[in-house]
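Not measured: the values here are computed from a predicted model. Labels below follow one simple rule: chain letters A, B, ... track the order of the sequence lines, proteins then strands, and each chain is numbered from 1.
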Amino acid sequence: MGNFNNILESKSLKDKYIEIHKLLEHTIRDNEGHSIMIIGPRSSGKTSLVNAALADMETKYGGQYIVFKLNAFIHSDDNSALREIAKQLDNNLNRNMDQNTVTDELQTFEQRSISDTMNIILNTLNKRNEEKPLLTGRLQSEENPEEKLSLIFIIEEFEKFTDNNKQTLLYNLFDSSQNSSVPICVVGISSKIITRELLEKRVRSRFSQRMISINKPNTLEEFWANARLALTLNDNKIEELTDKAFGREWNSHVDHLFHSSTVFKRMLYQNYYTVKNYKDFNNACIFPMSKITTESPFLQDKHFQKYIQNQSTNHTQELVKSLSSLELLLTIAAARWVEKHDLQVINFNLAYKEYEDMMKGFNVNSTSTVASANNFDSKVITNIKINQKIWSANVLKNNWEILYKLGLLLDSTGLTTNNDGHIITNINLNKNLIIEENKMVQLDVSLDELGNLIDDLNVYKKLTRL
Amino acid sequence: MLLEERLQLLKKRIICRDDEIDLLNCFISNEASILAPTTVIHGYKSIGKSFTVEGYLKELGVKHSIVKCDECITKKVLLQRCFKRIKLDSGVGSDYTNDVKFGTLGENFPSFVNALESFTRQTNYSDHHVIVLDRFDQCMEPTQELFAAFCRLQEQSNIRNISIVFIISTDDPKDIATSSIPHIYFRNYTEPQVKEILRSKQLCHFDVDSIDNNPASFEFWKQYATIIVDLYFSYTGSDMNLLINICETVWPSFTQPIRQGKYKLGDFIKVYRENSHLLHNENIINNSSIKSFKTMKEEEDLDNTNVQDLPTHSKYILIASYLASFNLPKNDLHNFSKLRAIKNKKRALSEKAKNKRGHLGKDDIDSRLLSPNFFDLERMLAILSIIYRTNSQSLNVTDDNHLLNLHDDMIKNEEIKELERSKFTLSRNTDLDSQITTLFSLGLLSKSANSDILGARVRWRCNINWSTVETLAKDTDFPLVEYLGDE
């Protein structure tokens, strides 16, 4: 999301930054058209690199270019992306202009109909010098009419724009980056490694094939060197502080944490060996950070545990833990039935029947095992029968519904694949509807898994063995 | 951020949630510059997520808007509601006029961002504002895309003062699973914690001032809450809403003796003994403890009342449809004909097959527990005409003991049978079609597609379960089991 502040100090990303920087500079200063793709896992600093480069451009060449930021998560289709481009064009060009001229609808890029908007933008982008439509004149910068405004498109979640079958937007952008006299730079940012292959042939041929890929760190030292940047102050910041000694002491304290401490180090190791995600690391550091007071001005080792401990490790595991004992019994019964019959689907009637049988067996067994286990107290205990209540079907039907709503039961037709082999999930399809007692559903957990998830002290654990 | 003393006060008010409040305190603060743009609150069932967040935000004194997403039918409504709440709760929205040129508000996410941007621009609104999207996953339309879009709100716009808190009770959608948003996971309460929480506040009152003002009434509530948790914890788990609901349902009738002056507040055990039948009644959690209007007493649990007053023909139609739904068409000949030979052959075969396989298979499932199959109307009518013969006296005698019947009037009997068989049929004046449509509109029959009832390709199925059809069969003295395939 572009919130790594000290990213330029990272050694591993330095050369990548220089490459992006150079490219943008060529577009703005030398009026060249470019396209580039930045590919890397999430929270590896893709957007931050671009933002840092743009910030530097702003100080050097402010006012000579316009940046368009698109994000497929927000602009989910070409139309809304196009509108966004038009809107940003309008906003940028009208900043210096008189408000009165804006009211005329013909003067803006954004039009009521999407095809008009498209036409105007395309005309602008593809104009040759001989023809001069109404709006293109305004693309010349105000002070120096000879110099052209450069356009920089930053497209995040780039691969989502390849979903629609014509890839119109990408085609036009790449095409104009090569042919237009207006200097255009297209920067695609994506976390999918196959993004280039998703482009259509005619689109791909217009792309410059320039790729920057950012990888996850290979060694723990590299990971720590980058992660450390989020916790430490850089030299400029220290200079700004009134108490410079504290700034240095802070940095050395952070290093000290890495070299000595147990909790902090364990957290770092765990992150490195599981996800290698800097942002997760930062999240875990926020709590200790918030505990800094004037009395204890440094990060305290014990606080690093809190966030990690709070996280839920596994969806199904936590789900099973949060079930009431009746719901758990019903789940076990359903899992037993699935195991016995080797079928994938089950309905409430079958689960309830299995529950009844299971509980009858459980009541018989529990009294007999208790009696045989303790010889000393056998006289006392054989007289006490601990019978588990067998609840009625009406009650358990509520529990079945709860299990369905929690997502432990899935619609049996929930997973389908389309022509291209993409998996379509409509697991949430019926989440708000009532589940019928003979509706077939799939159970998201198997009997073995249940056995592992249930605590050893739980009396129902033995039910997970057939 | 709250200071330590106020945190302690808050933790006293919201008990058993210390860690979660600590974490809330580090992610959500009243300074826009140091807060996390998005936070996800995650936890299954109603275990005080919204309550804790709301309590914390109030204590913090930050401007916030709570949007209940499960009340929103579409995404559009959700976005519109978000915008309106922000406008309202900001306190500066009164003189704002919409100046977004194209598209209606909330049509899609960009238009929502547009409107929000224009709002902050016009009003210069820069106070820190928290939007709480409560039950975000329970909006009627799938909201995975919105989730990702909301996460990118700050990044893609120049709004910096609005942060978002999602409250969800399912797993993260796949789109944002890797984007490392700060999560705060709410664990479920343990049984002692549930008791402690429920006992801490008296939720129900006697509505009689002299009793309510008595300090003993709180003691009474504590004992009452303990009993309720003891009895129903295995059903509810840590779902506080369910428990509170049960408490409120049982309370009026449970405390009746006290209100009438029969017992004093101290006599909890006596009250409990007198009313124990109330607490052990499963109707409380069945949602079916409905009071009858005339007597104001709870209705008895009546099963299958809705089929008892049907006309006899309808009952037969229902039974026939049940048989058609639960028997395979290929077995019709041996189920509904009198030819013994086929029957025995079939049975012998299935026994053999059973011995071959070691474990349970598809065929061992009692088909009564499965969903009914669709059938053609003609097949059901044919079955109906067969089973309707059981209504006739002479035809009803089975051939099983024909050796015993080997006496003189046998031939005569056969003649009578023959005669009756030729004559006996469904009463010709019964309007079958209208009865079927009536059953359909009662919901006892259903059809395959949303097509016309009279359409030729419509297939039907029965909508009643085994216990209902069993009572029907008893009503009409119909030997249902004999006709079911797998008996």
Side-chain angles (χ1 to χ4, degrees), chain A residues 1-2 41-43 47 69 71 73-76 80 83-84 87 110 112 156 191 277 279-280 283 286-287 289-291 306-307 309-312 315 318-319 321-327 340-343 347 349-350 353 391-392 394-395 398-399 402 406-407 428 431-432 436-440, chain B residues 1 19-20 22-23 25-27 36-37 42-45 101-103 108-110 113-114 137-138 140 142 145 148-149 151-152 155-156 169-171 175 178-180 182-185 187-188 233-239 282 285-288 359-362 364-366 369-372 465:
Chain A
M1 284 198 213
R42 280 205 200 282
S43 70
T47 311
K69 286 188 176 175
N71 190 324
F73 275 150
I74 292 179
H75 312 105
S76 45
S80 59
R83 271 199 191 284
E84 179 69 20
K87 198 186 65 145
E110 190 172 6
R112 189 163 294 282
E156 302 201 33
S191 56
N277 191 323
K279 225 178 262 174
D280 275 342
N283 286 341
I286 289 177
F287 181 72
M289 215 62 119
S290 75
K291 284 289 166 192
K306 195 134 192 166
Y307 182 75
Q309 271 176 359
N310 176 268
Q311 297 305 293
S312 76
H315 173 58
E318 297 293 338
L319 197 56
K321 270 187 199 159
S322 74
L323 296 179
S324 73
S325 54
L326 210 51
E327 284 152 11
K340 272 183 195 168
H341 289 261
D342 205 22
L343 291 172
N347 67 19
N349 287 334
L350 296 167
K353 196 158 176 293
W391 293 73
S392 74
N394 280 336
V395 173
N398 295 345
N399 290 105
I402 291 171
L406 283 175
N428 288 327
K431 272 288 112 84
N432 296 305
E436 290 169 31
E437 39 196 290
N438 48 27
K439 183 185 162 70
M440 283 308 205
Chain B
M1 273 171 61
D19 285 356
E20 285 83 356
D22 276 341
L23 284 172
N25 194 30
C26 80
F27 286 119
H42 181 203
Y44 303 105
K45 297 184 174 176
K101 267 187 293 178
F102 304 114
N108 46 26
F109 198 78
V113 178
N114 258 349
D137 50 333
Q138 286 173 37
M140 300 235 181
E145 286 162 27
C151 290
R152 296 290 191 282
E155 191 184 326
Q156 273 296 316
S169 57
T170 49
D171 207 11
D175 296 359
T178 48
S179 52
S180 319
H183 274 62
I184 302 176
Y185 180 67
R187 293 207 149 64
N188 56 326
F233 187 74
S234 66
Y235 168 71
T236 60
S238 58
D239 196 324
E282 277 184 0
I285 44 185
N286 267 345
N287 299 328
S288 63
H359 57 93
L360 297 162
K362 228 175 201 172
D364 299 311
I365 305 167
D366 190 351
L369 301 176
L370 300 175
S371 52
N465 58 11

Under a 3.5 Å threshold, yes or no: a donor from one side chain and an acceptor from the other, between B:N108 and A:S80?
no

Quick one: does A:N310's side chain get under 4.5 Å of B:H183's, heavy atoms only?
no

Choice from A:N399, A:L323, A:N349, A:N277 maximising heavy atom contacts with chain B below 4.5 Å:
A:N349

Which value, rounded to the nearest 0.5 Å, describes the distance between A:L350 atom CG and B:L370 atom CG?
5.5 Å

Is it the backbone or the side chain of A:E318 that comes under 4.5 Å from a heavy atom of chain B, or both, or neither?
both

Any side-chain heavy-atom pair from B:Q156 and A:H75 closer than 4.5 angstrom?
yes

What part of A:K353 lies closer than 4.5 angstrom to a heavy atom of chain B: side chain, backbone, both or neither?
side chain

Return the OH to CG distance between B:Y235 and A:L326, rounded to the nearest 0.5 Å.
8.0 Å

Can you tell me which of B:G43, B:P372, B:A148 forms the most heavy-atom pairs within a distance under 4.5 Å of chain A?
B:A148

Find the distance between CZ (A:R42) and OG (B:S180) and round it off to the nearest 0.5 Å.
9.0 Å

Highest number of heavy-atom pairs under 4.5 Å with chain A: which of B:C26, B:A149, B:S234?
B:S234

Contact origin within B:D22 toward chain A - heavy atom pairs under 4.5 Å
both

Qualifying residues under ring-ring contact (aromatic ring centres under 6.0 Å, His included), relative to B:Y185, sequence neighbours excluded
B:H42

With a sphere of 6.0 Å drawn around CD of A:Q311, does it hold more than 12 non-hydrogen atoms of other residues, nucleotides or ligands?
yes

Which atoms of A:D280 approach chain B - backbone, side chain, both or neither, heavy atom under 4.5 Å:
both

How long is the span from the OG1 atom in B:T236 to the CG atom in A:N398, to the nearest 0.5 Å?
12.0 Å

Can you find a heavy atom in the side chain of A:R83 that is under 4.5 Å from one in the side chain of B:N114?
no

Residue set satisfying ring-ring contact (aromatic ring centres under 6.0 Å, His included) with A:Y307, at least two apart, ordered chain then number -> B:F27

Side chain of B:D19, backbone of A:K306: donor and acceptor closer than 3.5 Å?
no

Do A:S324 and B:K45 have side-chain heavy atoms sitting under 4.5 Å apart?
yes

Measure A:L319 against the heavy atoms of chain B and call it side chain, backbone, both or neither at under 4.5 Å.
both

Side chains of A:N283 and B:P182: does their closest heavy-atom pair fall under 4.5 Å?
yes

